[in-house]
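Chain naming here is simple, since letters A, B, ... match the order of the sequence lines and numbering starts at 1 in each.
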Number of protein chains: 2
Amino acid sequence: MDVDLRKVRYFVAVAEELHFGRAAERLHIAQPVLSRQIRALEDELKVQLFVRTKRATELTWAGRQLLEDARPLLASAEAARRRVVRAARGPKTFTIGFMPGITVTAAVRAFTAQHPGLTIELLRTTWDDQVEVLHDGRADVSIVRLPIDQQGLTVRPLFDEPRVAMLPADHRLAGKPSIEISDLADEHLLQHPDAVPEWRDIASELRDGRPRPVPTLHNVEEKLEHVAAGNGISILPLSTASFYTRPDVVSVPVDDLGPNHVCLAWTATRRSKAVQDFADIAIRVLKS
Amino acid sequence: MDVDLRKVRYFVAVAEELHFGRAAERLHIAQPVLSRQIRALEDELKVQLFVRTKRATELTWAGRQLLEDARPLLASAEAARRRVVRAARGPKTFTIGFMPGITVTAAVRAFTAQHPGLTIELLRTTWDDQVEVLHDGRADVSIVRLPIDQQGLTVRPLFDEPRVAMLPADHRLAGKPSIEISDLADEHLLQHPDAVPEWRDIASELRDGRPRPVPTLHNVEEKLEHVAAGNGISILPLSTASFYTRPDVVSVPVDDLGPNHVCLAWTATRRSKAVQDFADIAIRVLKS
DNA sequence: CTCCCTGATACCCCCAGGGTATGACAGCGC
DNA sequence: GCGCTGTCATACCCTGGGGGTATCAGGGAG
């Protein structure tokens, strides 16, 4: 009748390892058990998932299809579970994720007025986990900065805001009224290249596409610390830049840098009146 | 570890019936078994899902949350299963749902050229099942006519097309160069009111909101048969209207009727290169 | 030809999911 | 107040399936 999620999880392990022994080890079960579970799954679906030749294991087309579907399925099961556990705590709570520098007060106020019985929680996110908190059920909605992986999410645009370059106070460009991206071509960018798509182009043009290693800096404070130390520069949305101020770092407008798109996102598979209401309010209140 | 989908299904039955006995009957299992399974689910999640007073069963907040998440979860499990079974058939097939009257040839051509190894199947849908085929895994993408329930789907607009009124050839308005919605206020509309949102307004204005019973007509042929018989009128997108022609039914443009929005939709939780590629091509080729 | 690597098979144990019979308790009718 | 009824929980049994270990079977490498 229903597929067994345990078997699906086992399947994913085998599909990823392409090796029953290693997969079994990873799952902390014995190899024969795993062989039998996979065979049981194949029997249930009446479909062959792997071609086992002696000496090699590989996926069939059906297996590829299942692998494609399995991960989101397991993820949404896990997210549902987390949401249920969370819901048990309060009469009803509603968690809003937000990136630092974004002001959600107005939307929260209006939403509270409309849902007096609801406990509203705020969850500060970073660029890395702004989407993750939705998938794992930690937040009901999240105010995100593009670009994000929109996979499995419903995303509604709220507003755009300009981005600025953060430079050490003693940098040669510090104090200029405005600069262009190409002025920064030789600088080391202290963030994931996806966060600043424009960078890829100038970087590959000017440096032959040799990407410099990107340090993993997960929050603004750390980035600014490195900027101040002269290890590189950072591109930030204006509101974030003006939220974190320190004397040894200055911000400079960049003429030809596209704006940062701020959106509201939530899990696409959920229909909840609260989520819908919040979306309506946020779009009305925050949309520029 | 993973939630058991069987238990979740059982939970949904109890949550819907709010009665263990009836739910058990619906599930074709004995009532004590169901009681025990629900309790096991509660223990697993370490959360109370129902408040059982003698004489009544109702949901806790956690239960409400689970009910909200459970149905999409079960649906996506079922859809994944169907897709896997389908994938077992061919080396790789890609199924495109479409509403009658929509020409997909151009997009399919371009897509075939890009994916020579892929077998492309076309699945004709109706207004009722255009979304269903996505949720149950019968199609990978579907070309839909709004309004639809966008729950769980990613929807990209393709183009708009005008809609016309289909009238019996001997109707008093037949042959007019164009009419307005209000001219049709007294007519019986032979389709689901959601399909023609403008209707609700004039219907409630002019007839005190008493909705006439809507016959369940699932395809265009049946609708036109009834139109010809004088049982009512129908609103159709222009391309559909010109696709089905018969001498005893005529089409008349309606000035103040909004256009029909044609979109491409697919399941939001899926990331597949094929789906993404088709979306890019369809938007490029079909977008007006 | 032999050895090793890898998945499959055989067999055991035990728990969980199915069943039936019955209990406990609230509300209602008389 | 007593008994009836409706409803969920408890007690107990049986079977199947998921976990384990020991071992087999077959292909490649040397």
Legend entry - Expected output: side-chain Thr60(A) to main-chain Gln48(A) donor-acceptor under 3.5 Å: yes

Legend entry - side-chain contact (heavy atoms from CB on, under 4.5 Å) evaluation trace for Trp127(B) with Ile148(B): CA-CA 9 Å; Trp127(B) 197 78; Ile148(B) 59 165; 5.7 Å; no

Legend entry - Minimum-distance nucleotide (side-chain atoms of Ile29(A) versus dG19(D), dA8(C), dT10(D)): dG19(D)

Legend entry - Check ion pair Glu78(A)-Arg9(A) (N to O, under 4.0 angstrom): no

Inset, instruction - Pull out every residue in residues 4-28 of chain B that has a heavy atom closer than 4.0 Å to any atom of DNA chain D, ordered by number, or say none. - result: His19(B), Phe20(B), Gly21(B)

Inset, instruction - Can you tell me the distance, in whole Å, between the CG atom of Leu41(B) and the P atom of dA16(C)? - result: 15 Å

Inset, instruction - Return the value, rounded to whole Å, for the distance between atom CZ of Phe50(B) and atom P of dT7(D). - result: 16 Å

Inset, instruction - Would you mind reading off the distance between Ile38(A) atom CD1 and dA8(C) atom C1', rounded to a whole angstrom? - result: 14 Å

Legend entry - Selected nucleotide, minimal atom distance to Gln37(A) side chain, candidates dT21(D), dG19(D), dC8(D): dG19(D)

Inset, instruction - Starting from P on dG17(C), measure out to CZ on Arg39(B) and report it in whole angstrom. - result: 15 Å

Inset, instruction - Answer yes or no: is there a side-chain heavy-atom contact under 4.5 Å between Glu68(A) and Arg83(B)? - result: no

Inset, instruction - Output yes when at least one side-chain N/O atom of Ser35(A) is less than 4.0 Å from OP1 or OP2 of dT9(C), else no. - result: no

Taking distance alone, no hydrogens or angles, what donor-acceptor pairs closer than 3.5 Å link side-chain atoms of residues 107-117 of chain B to residues at least two apart or in another chain?
from: Thr112(B); atom 1: OG1; to: Val108(B); atom 2: O; distance (Å): 2.6
from: Gln114(B); atom 1: NE2; to: Asp277(B); atom 2: OD2; distance (Å): 3.3
from: His115(B); atom 1: NE2; to: Asp277(B); atom 2: OD2; distance (Å): 2.9

Legend entry - Partners meeting ring pair (Phe, Tyr, Trp, His ring centres under 6.0 Å) with Tyr10(A) (sequence neighbours left out): none

Inset, instruction - Write down the distance between CG (Leu34(B)) and C1' (dG17(C)), rounded to a whole number of angstrom. - result: 12 Å

Legend entry - Nearest to side-chain heavy atoms of Arg52(B), which nucleotide of dT21(D), dC8(D), dG7(C): dC8(D)

Legend entry - Salt bridge present between Glu44(A) and Lys7(A) (N-O < 4.0 angstrom): yes

Inset, instruction - Return no unless some side-chain N or O of Arg36(A) is found under 4.0 Å from OP1 or OP2 of dG18(D). - result: no

Inset, instruction - Return no unless some side-chain N or O of Gln31(B) is found under 4.0 Å from OP1 or OP2 of dT7(D). - result: no

